[in-house]
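Side chains are part of it too, since the values below use all heavy atoms of this structure and drop only hydrogens, waters and symmetry mates.
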Amino acid sequence: MNHMQLAWRSVIRKPVKSMLLLLVICVISVFLLSGMAASNASVAVQDKTRQAVGAGLLLVENEANRHTRLDRITEKIGEKEGSLEGVHQKKLETADGPVWMGYTDSSFETLKLEDIEKIAAVPGISDYNIATAPMAVNPVNFSRIEDPDLDQTGDKLGVSLIGNRDMAMDFNVLSGNVTMKEGRMVTREDQNVCVISEELAAHNGLKIGDNMEFNDYHDRENADVHAAEIIGIYQVKQKMTPYMSGDTYRSENVIFTDLRFPEKAEGAEGDPLFEKAYFIVEDVDQYDAVKEAVKKVKIGWERYDLIDNKGNLETMSSNFRDLQKISQIMIGVVAGASFVILFFVFLFWLKNRTQEVGIFLSLGIPKQRILGQILLEAFMIAAVAVTLSFAVAPGISKITADYLVSQQIEQAEVEEALNEGKVAKSGQDPEQEVTGVHVEITPQMIAFDSLGIVVLITTSVLTAGISVVKRNPRDILTS
């Protein structure tokens, strides 16, 4: 009788014990798969404040990933002054003692141009726009519009520039809020040009063809001055929502320029701050197919949110609060508890087979072969158990992920209530609502799950078997 036949007969000889082990391994496999699926889940979110207009897709920075990157780089710098990957840390001496100050530059905050161009190359994308974040600069040869009743102490005393690759695709234009009163919009071929508000033009007596001069507001006296020619004057239906508080960002002081002009005026040429990218889908009937094709582009998606024209986006688990971290803790707890449970199961197995083990040892059968036989029996049962777990794991994984996400949402609501009115905000926070959780059991997860089961069974059998096979046959048979 060969080893396989012997193992099979041993399994069917005691069906209750075999079924117990099958159930235990099946449950362990399901929980391991659920943890891995939740760790790699994508959370469907609807953003009520940011969405693409028309048949388009909007690419913006993922705020959670930004904080993750910032924490990682800050930890690398350590408790010392230094700069790394666009993050800077300085120590300031104050009356109350030294204070650490950290800040980022555009190279850390910007969308990557190469990623934008990869998406733009997807078949079905007919055109695209890149827009910079509003950039505060100093007005040199003109004056801005101010509220005389407003305290300007904390203001940057400047105007804000928004660069566009193609102004016709700026969100303010696509939404119909900004229209041209005179002249034309900025195009991709333009350099050193601007479009100003009708209020700012009237306030300074400016007209199309005039030059406006700007420089870095941090050093108004010595910074290089850059000029832009006025090619258009715009009007608004409703005042644009300020990017931040203060007259620098008020609607009338917003100036649209060509894409690369803001960085020049700020004194940081070659270091742009691209805040968003907008992609036009050529055929509206192919919108969903093009969106799926875009999501398959090989870029670092953890850095971004891709928002469709309904405000829908999918957030990776690593960017959805602590979902990935909790899922990984769950995997660790399941693995640890599984080892303990399997250890006692196999210890129970061996205790009930001590006479059999003693006879094998007295016949001169090596201890390794005896343990190997037990392992073979366990693997035969495990093969069936793991196969069954693949059938039920998707449903259990969905339930697990939904529960973990709901807990994260509740935690976020509690934290928001506690911090309300305590945390200063520079702009409008995205208003997002979770609409669903997508989980998938991938071949890679199945492979890791199977490997994990093999490791758990092997270690638990060997650990439990030592207490039995280390004894000599006489002691076993007479006990």
Strictly below 4.0 Å, N to O, side chains only: are [X] and [Y] in salt-bridge contact?
{"X": "Lys295", "Y": "Glu292", "value": "yes"}
{"X": "Glu252", "Y": "Lys239", "value": "yes"}
{"X": "Lys264", "Y": "Asp216", "value": "no"}
{"X": "Asp155", "Y": "Arg144", "value": "yes"}
{"X": "Lys90", "Y": "Glu81", "value": "no"}
{"X": "Lys276", "Y": "Glu61", "value": "no"}
{"X": "Arg165", "Y": "Asp127", "value": "yes"}

Could you grab the distance from atom [atom1] of [X] to atom [atom2] of [Y], nearest 0.5 Å is fine?
{"X": "Asn129", "Y": "Asn164", "atom1": "CG", "atom2": "CG", "answer": "4.5 Å"}
{"X": "Leu58", "Y": "Tyr278", "atom1": "CG", "atom2": "OH", "answer": "8.5 Å"}
{"X": "Ser160", "Y": "Met244", "atom1": "OG", "atom2": "CE", "answer": "11.0 Å"}
{"X": "Thr104", "Y": "Gln89", "atom1": "OG1", "atom2": "CD", "answer": "12.5 Å"}
{"X": "His226", "Y": "Asn215", "atom1": "NE2", "atom2": "CG", "answer": "8.5 Å"}
{"X": "Ile231", "Y": "Asp210", "atom1": "CD1", "atom2": "CG", "answer": "13.5 Å"}

With a 4.5 Å heavy-atom cut-off, do [X] and [Y] have their side chains touching?
{"X": "Lys207", "Y": "Ile230", "value": "no"}
{"X": "Met167", "Y": "Asp258", "value": "no"}
{"X": "Thr257", "Y": "Thr132", "value": "no"}
{"X": "Asn138", "Y": "Leu157", "value": "no"}
{"X": "Cys194", "Y": "Glu229", "value": "no"}
{"X": "Phe279", "Y": "Ile119", "value": "yes"}
{"X": "Thr458", "Y": "Phe379", "value": "yes"}
{"X": "Asp170", "Y": "Leu174", "value": "no"}

(request) With side-chain contact (heavy atoms from CB on, under 4.5 Å) as the test, would you mind laying out the steps for Asn204 and Ser143 before giving the verdict? (result) CA-CA 7 Å; Asn204 288 276; Ser143 62; 3.2 Å; yes
Is the closest side-chain donor-acceptor distance between [X] and [Y] under 3.5 Å?
{"X": "Glu199", "Y": "His203", "result": "no"}
{"X": "Asp449", "Y": "Ser29", "result": "yes"}
{"X": "Thr187", "Y": "Glu189", "result": "yes"}

Which heavy atom of [X] sits nearest to which heavy atom of [Y], and what is that distance?
{"X": "Met240", "Y": "Tyr234", "result": "CE-OH, 3.4 Å"}
{"X": "Leu161", "Y": "Ala265", "result": "CD1-CB, 3.8 Å"}
{"X": "Ala293", "Y": "Val122", "result": "CB-CG1, 3.9 Å"}
{"X": "Pro272", "Y": "Glu263", "result": "CB-OE1, 3.1 Å"}
{"X": "Ala335", "Y": "Leu32", "result": "N-CD2, 4.4 Å"}
{"X": "Asn65", "Y": "Arg303", "result": "OD1-CA, 3.4 Å"}

(message) One pair to check against side-chain contact (heavy atoms from CB on, under 4.5 Å): Met212 and Ile196. What are the steps and the verdict?
(response) CA-CA 10 Å; Met212 303 182 75; Ile196 65 174; 3.3 Å; yes
Between the main-chain N or O of [Y] and the side-chain N or O of [X], is there a donor-acceptor pair closer than 3.5 Å?
{"X": "Ser34", "Y": "Val30", "value": "yes"}
{"X": "Thr74", "Y": "Asp71", "value": "no"}
{"X": "Asn172", "Y": "Val178", "value": "no"}
{"X": "Thr110", "Y": "Ser106", "value": "no"}

Counting only heavy atoms from other residues, nucleotides and ligands, does the tally under 6.0 Å from [atom1] of [X] exceed 12?
{"X": "Gln191", "atom1": "CD", "answer": "no"}
{"X": "Glu114", "atom1": "CD", "answer": "yes"}
{"X": "Phe108", "atom1": "CZ", "answer": "yes"}

(request) Show the numbers, then the answer: is there a side-chain contact (heavy atoms from CB on, under 4.5 Å) between Leu342 and Ile25? (result) CA-CA 8 Å; Leu342 286 174; Ile25 295 176; 4.2 Å; yes
(request) Output, in order, the C-alpha distance, side-chain angles, deciding distance and verdict of side-chain contact (heavy atoms from CB on, under 4.5 Å) for Ile125 and Ile280. (result) CA-CA 6 Å; Ile125 299 293; Ile280 293 180; 5.9 Å; no
(message) Go through it in stages, so that I can follow the logic: the residues are Lys291 and Asp288, the test is salt bridge (charged side-chain N to carboxylate O under 4.0 Å, His left out), and I'd like the CA-CA distance, side-chain angles, deciding distance and then a yes or no.
(response) CA-CA 5 Å; Lys291 177 183 173 183; Asp288 290 336; 5.8 Å; no
(request) Walk me through it: do Glu302 and Asn62 pass the test side chain to side chain donor-acceptor pair (under 3.5 Å)? (result) CA-CA 7 Å; Glu302 67 277 0; Asn62 181 278; over 6 Å; no
(request) Assess whether salt bridge (charged side-chain N to carboxylate O under 4.0 Å, His left out) is satisfied between Arg69 and Glu85, documenting all intermediate values. (result) CA-CA 10 Å; Arg69 289 187 293 120; Glu85 298 178 29; over 6 Å; no
(request) Dump the intermediate steps for side chain to side chain donor-acceptor pair (under 3.5 Å) on Asn177 and Ser175, then the final yes or no. (result) CA-CA 6 Å; Asn177 190 46; Ser175 64; 5.6 Å; no
(request) Compute the ring centroids of His88 and Tyr103, then answer whether they are less than 6.0 Å apart. (result) yes
(message) Quick one, Phe214 with Phe142, criterion ring-ring contact (aromatic ring centres under 6.0 Å, His included). Give me CA distance, side-chain angles, the key distance, then yes/no.
(response) CA-CA 9 Å; Phe214 313 86; Phe142 66 98; 5.5 Å; yes
(message) Please verify the inter-ring angle class for Tyr249 with Tyr243; under 30° counts as parallel, over 60° as perpendicular, anything in between as tilted.
(response) tilted
(request) Evaluate side chain to side chain donor-acceptor pair (under 3.5 Å) for Asp115 paired with Tyr304, printing each intermediate quantity in order. (result) CA-CA 10 Å; Asp115 291 345; Tyr304 306 116; 2.6 Å; yes
